Amino acid sequence: MTWNIHGALGLNPDFDLARVIALIERHDPDIVALQEVDSRRPRSADADPFAVIERTLGHYGLGAKSIVTADGAYGQMLLSRWRPRAWAAHDISYPEREPRRAIVADIDTAHGPCRVIATHLGLSFGERRSQARALLALIEESPSTTVVVGDFNDWLFAGSVRAVLRGACPGRTRFRTFPSHWPLFRLDRIYCRPACALVSAFTDRAARGLSDHLPVIADVAVTVDVAADQPASSSQDETMVAKRSASAASALR
C-alpha cells in the first residue's frame, strides 16, 4: 500500500490521524509506504505521527525525515510486517530543491526475499528525471523481486519517470489518484519487477475526506526468478503486500 496522507490533514483542519490509521488497518497491508507525514502541526504531546503510526500499526518502521525544524519533522515512512534484513534512507535530493529521500528495504518475507523502495519525488521535470535515474540504480542492484512505491509527482510521459522505470519495472499501476475528489493525475503508483509480480491493484475512495491523494493498494507475488515475465504459479508465489478483505472489496463498489 502507498499513500500520500497530506499530513493527515485532508479536508479536516483537526489533523485526523486516527481516521488515516483506521483506513490503513482496514486493508491490513503487510507493507505500507506513507508520504507527507508531518509532525509540525499542533497536536497533543504524545501525538508525533511518526511514532503513533509505527506503534499503532505494529509494524517495523523507518521514517525518512527530509525536513526537520524546531516545530517537528516532515517526510515519509516505510513500514513492514516483517523485520527487514537491511534498510536505509538514500538522499536523492536535487540541488536547490526540497530534500527528497528513497527508503530501500531488503525484506525476507514469509514467501521469499523482496526489495521495497519507497519515495516521494520532486515537482520539477529535471528534478524527477535525476531522481528516477537514482531509483533505477537501486532497482538494478537487487536480484530479488522489487517493488517501487510512492508519490512520483509524474503526470507526463515523454522523458518522464514512467519512461525511465518501465523497462526495469514493467508491472505498474495506472490509477488516477490526484486530486482525490476528482482524480485526474496518476501521481501515486506501484511498480514491480518482474511484471507478473503485480497480481492486482485498486484504490479506496473512502480516502477522499482524509487526503488530497487516493491510496493505491496492491497484491504482489514474490517470484523465484525475477527474470521471468510469465504469470507466476501458485506453487512458487504467494500474495505479499495487501490481503484483500471483505472491507477492501467493498471499497471498490
Side-chain angles (χ1 to χ4, degrees), residues 1-6 31-37 64 66-67 74-78 89-105 114-142 145-204 207 211-218 220 226 229 241:
M1 177 179 189
T2 182
W3 189 14
N4 182 328
I5 63 172
H6 190 45
I31 295 173
V32 56
L34 302 176
Q35 302 85 47
E36 293 195 21
V37 182
S66 55
I67 299 175
Y74 169 90
Q76 58 176 306
M77 297 186 73
L78 178 63
H90 294 252
D91 187 350
I92 58 170
S93 303
Y94 193 76
E96 300 182 2
R97 304 293 295 184
E98 179 181 320
R100 301 287 178 174
R101 305 286 184 264
I103 303 175
V104 181
C114 180
R115 168 164 285 194
V116 179
I117 303 171
T119 194
H120 184 189
L121 300 190
L123 298 175
S124 73
F125 183 76
E127 179 182 11
R128 289 195 302 276
R129 288 190 67 181
S130 171
Q131 291 162 350
R133 288 193 294 268
L135 293 178
L136 193 60
L138 296 171
I139 294 166
E140 291 178 342
E141 71 180 24
S142 172
T145 298
T146 301
V147 183
V148 186
V149 300
D151 175 0
F152 296 89
N153 273 317
D154 186 43
W155 56 87
L156 303 172
F157 183 77
S160 67
V161 174
R162 277 176 282 167
V164 174
L165 296 186
R166 63 176 179 168
C169 288
R172 61 191 186 277
T173 60
R174 298 171 173 83
F175 299 109
R176 300 178 189 271
T177 59
F178 179 88
S180 57
H181 270 269
W182 194 269
L184 297 173
F185 302 110
R186 300 177 175 93
L187 303 188
D188 308 273
R189 287 176 173 257
I190 295 176
Y191 290 88
C192 292
R193 185 190 69 174
C196 61
L198 183 62
V199 176
S200 62
F202 60 101
T203 61
D204 187 347
S211 172
D212 55 351
H213 290 249
L214 294 177
V216 180
I217 307 101
V220 175
V226 298
D229 199 18
V241 175

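The structure displayed is predicted, hence computed values, not measured ones.
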State, to 0.1 Å, how close D154 and L187 come at their nearest heavy-atom pair, and which atoms those are.
N-CD2, 3.6 Å

Nearest 0.5 Å, please: how far is CD1 in I92 from CD in E127?
8.5 Å

Can you list the residues that meet the ring-ring contact (aromatic ring centres under 6.0 Å, His included) rule with H213, with sequence neighbours excluded?
F178

What's the spacing between T177 OG1 and D151 CG if we round to 0.5 Å?
7.0 Å

Counting only N and O atoms by type, is there a donor-acceptor contact under 3.5 Å from the side chain of S66 to the main-chain atoms of Y74?
yes

Separation of R133 CZ from L138 CG (nearest 0.5 Å):
13.5 Å

Are T2 and Q35 close enough that some pair of their side-chain heavy atoms sits under 4.5 Å apart?
yes

Looking only at non-hydrogen atoms, find the nearest pair between N153 and L121 and report the distance.
ND2-O, 2.8 Å

Does a side-chain heavy-atom distance below 4.5 Å link R101 with S93?
yes

Would the distance check show the side chain of S180 and the main-chain N or O of S211 forming a donor-acceptor pair, the cut-off being under 3.5 Å?
yes

Could you grab the distance from atom CD1 of I5 to atom CG of D212, nearest 0.5 Å is fine?
11.0 Å

Please name the pair of heavy atoms, one in L184 and one in R176, separated by the smallest distance, quoted to 0.1 Å.
O-NH1, 2.8 Å

Please answer whether the main-chain N or O of I190 pairs with a side-chain N or O of T173 as donor and acceptor at a distance below 3.5 Å.
yes

Looking at R128 and F152, what are the two nearest heavy atoms and their distance?
CD-O, 3.1 Å

In terms of heavy-atom contacts, does OH of Y94 have more than 12 from other residues, nucleotides or ligands at under 6.0 Å?
no

Are I31 and V220 side-chain neighbours, meaning at least one heavy-atom pair lies under 4.5 Å?
no

For the CD atom of E36 and the NE2 atom of H6, what is their distance to the nearest 0.5 Å?
6.5 Å

Applying side chain to side chain donor-acceptor pair (under 3.5 Å), can you list everything that pairs with E141, at least two apart in sequence or on another chain?
R115

Give me the atom names and distance for the closest heavy-atom approach of C169 to R193.
SG-CB, 4.0 Å

Do I139 and L165 have side chains that get closer than 4.5 Å, going by heavy atoms?
yes

How about R97 and L123: do any of their side-chain heavy atoms sit closer than 4.5 Å?
yes

Can you tell me how far the CD atom of Q131 sits from the CZ atom of R100, to the nearest 0.5 Å?
6.5 Å

Heavy-atom closest pair, residues W3 and L214:
CD1-C, 3.9 Å

Looking only at side-chain N and O atoms, does Q76 offer a donor or acceptor that is under 3.5 Å from a partner on T119?
no

